[in-house]
J.: 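Before anything else, here's the structure in question.
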Number of protein chains: 2
Amino acid sequence: MKIMHKEHILTKNQQIIFDLIDKSPEPMKAYSILFNVQKKGIKAPLQVYRALDKLVEIGKIHKIESRNAFIACHNSSCQVANATAFSICEICEKVTEISSVGLSKYLANFKDKDGMKYSKYNLEFFGLCKKCTLK
Amino acid sequence: MKIMHKEHILTKNQQIIFDLIDKSPEPMKAYSILFNVQKKGIKAPLQVYRALDKLVEIGKIHKIESRNAFIACHNSSCQVANATAFSICEICEKVTEISSVGLSKYLANFKDKDGMKYSKYNLEFFGLCKKCTLK
DNA sequence: TACATAGTGTTATATTATAACAATCTAAAT
DNA sequence: ATTTAGATTGTTATAATATAACACTATGTA
């Protein structure tokens, strides 16, 4: 399993976009990011998507596939960019990265019926968060 | 956990689109579906998306989120539309629905650190399929 | 019948993402 | 210092994915 080192030095665009996502309490969409960084000179979608691609690749952010949105990796034990799990509230859309050693071990060791292992995966759980459950 | 009954009677558009996806050996994208059913009178994207939404809802098809594509549910034990797992080959893009009692039990019973359970989830494994591994 | 619900057809538009190409930066190797 | 390779940037244009809004039609049921 490939360990992603997080000490990558980010380029200017990458840093601007990472900082924005990192400060956001919720996942951000690409064009929302674009809108927010236009005052910093990033004017075109491609500039955003290129930075996003790189940030995903090095594990600084993750893409929430079912939402087409991006969140910073706050999972200190997640040195692996390609084994991700999230819980998503279907009401308030709050997204939380799950860091469970048990879960990640289970999935990293899971073998399909052909005996095949997959070290890379993305898991999205859906339900109601605590707050929304109480409403 | 909500059991999805598959004896839904499909409408004309739903049936046309389901049949197409069901016959396809690989996941189909919405506009590829549209192209294929235009000769049957389905002319607009919305007609396709509406049928897809319904078919997903009743569990006849699943959406592969990372690919924006749709496959028929061939998992006879999968009466639950909202607990899905797939393996995806990163070279040939072959997608297989995983039906593992162990896996689905593990995930249905998984509790996050707040003790929260999520009966609905989507899991996508990535790797190389057998054929591509041998190349 | 009449009422509610779901589905349809249509046009227009919103949202998400990439192609192509020239220019620039950066690090390492002469 | 100069060259070279690779990654990154800036830019315009366009492709691909998905939904809004509205009038109309079918279907089941009270």
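Just so we're on the same page: letters track the sequence lines, and every chain starts at 1. Everything numeric here is computed off the predicted structure, so don't read it as measured data.
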J.: In whole Å, what is the span from the CD atom of A/Glu57 to the C1' atom of D/dT8?
T.: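 From A/Glu57 CD to D/dT8 C1': 13 Å.
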
J.: Please report the distance, rounded to the nearest Å, between CD in B/Gln14 and C1' in D/dA26.
T.: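 Between C1' of D/dA26 and CD of B/Gln14: 13 Å.
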
J.: Closest heavy-atom contact between A/Asp22 and A/Ala72?
T.: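 Shortest heavy-atom contact: OD1-CB, 3.4 Å.
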
J.: Any side-chain donor paired with an acceptor under 3.5 Å for A/Glu97 and A/His62?
T.: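 Short answer, yes.
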
J.: Using a cut-off of strictly less than 4.0 Å, decide whether A/Thr11 has a side-chain nitrogen or oxygen near OP1 or OP2 of C/dC25.
T.: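 Result: no.
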
J.: Nearest of D/dT11, D/dA20, C/dG9 to any side-chain atom of B/Leu46?
T.: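 Within the option list, the nearest is D/dA20.
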
J.: Answer with yes or no whether the side chains of B/Ser87 and A/Asp112 bring together a donor and an acceptor at under 3.5 Å.
T.: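 No donor-acceptor contact under 3.5 Å links the two side chains.
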
J.: Please find the pair of heavy atoms, one from B/Leu55 and one from B/Ile17, that lie closest to each other, and give the distance.
T.: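 Closest heavy-atom pair between B/Leu55 and B/Ile17: CD1-CG2, 4.1 Å.
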
J.: Respond yes when some side-chain nitrogen or oxygen of B/Lys54 is under 4.0 Å from OP1 or OP2 of C/dA6, and no when none is.
T.: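 B/Lys54 to C/dA6 OP1/OP2: no side-chain N or O under 4.0 Å.
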
J.: So, do B/Tyr106 and A/Phe110 have ring centers that fall under 6.0 Å from each other?
T.: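 No, ring centres 6.0 Å or more apart.
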
J.: Starting at CG of B/Leu52 and ending at P of C/dT8, how long is that distance when rounded to a whole Å?
T.: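 Between P of C/dT8 and CG of B/Leu52: 12 Å.
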
J.: Could you check how far NZ of B/Lys43 sits from P of C/dA12, rounded to whole Å?
T.: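 After rounding, the reported distance stands at 15 Å.
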
J.: Which angle, to the nearest 10 degrees, lies between the helix axes at the two ends of the helix from C/dT1-D/dA30 to C/dT30-D/dA1, each defined by five pairs?
T.: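 Answer rounded to 10°: the end axes differ by 30°.
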
J.: Please state how far atom OH in A/Tyr49 lies from atom C1' in D/dT14, giving the value in whole angstrom units.
T.: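 Taking OH of A/Tyr49 and C1' of D/dT14, I get 14 Å after rounding.
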
J.: Among the candidates D/dT17, D/dC22, D/dT11, find the nucleotide nearest to the side-chain atoms of B/Arg50.
T.: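 That would be D/dC22.
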
J.: Can you tell me which residue among B/Ile64, B/Asn122, B/Ile71 is in a side-chain contact (heavy atoms from CB on, under 4.5 Å) with B/Thr84?
T.: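 Exactly one option meets the side-chain contact (heavy atoms from CB on, under 4.5 Å) with B/Thr84, and it is B/Asn122.
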
J.: Are the charged groups of B/Arg67 and B/Glu124 less than 4.0 angstrom apart, N to O?
T.: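 Salt bridge: no.
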
J.: Please give, in whole Å, the distance from D/dC24 P to B/Gln47 CD?
T.: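 Result: 17 Å.
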
J.: Send over the distance from B/Gln15 CD to C/dG7 C1', rounded to a whole Å.
T.: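 Nearest whole value for this atom pair: 15 Å.
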
J.: Compare the aromatic ring of A/Tyr31 with the six-membered base ring of C/dT16 and state whether they stack according to the 5.5 Å and 30° rule.
T.: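 Answer is yes, a stack.
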
J.: Can you figure out which of D/dA18, C/dT16, D/dT12 approaches the side chain of A/Ala44 most closely?
T.: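 Of D/dA18, C/dT16, D/dT12, D/dT12 is nearest to the side chain of A/Ala44.
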
J.: For C/dT15, does either OP1 or OP2 sit under 4.0 Å from a side-chain N or O belonging to A/Asn68?
T.: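 It does not, given that no N or O in the side chain of A/Asn68 lies less than 4.0 Å from OP1 or OP2 of C/dT15.
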
J.: Take the protein atom NZ of A/Lys29 and the nucleotide atom P of D/dT17, then report the distance between them rounded to whole Å.
T.: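 Atom NZ in A/Lys29 sits about 15 Å away from atom P in D/dT17.
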
J.: Compare the minimum distances between each of D/dA18, C/dA17, C/dG7 and the side chain of B/Lys63, then state the nucleotide with the smallest one.
T.: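 Shortest atom-to-atom distance from the side chain points to D/dA18.
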
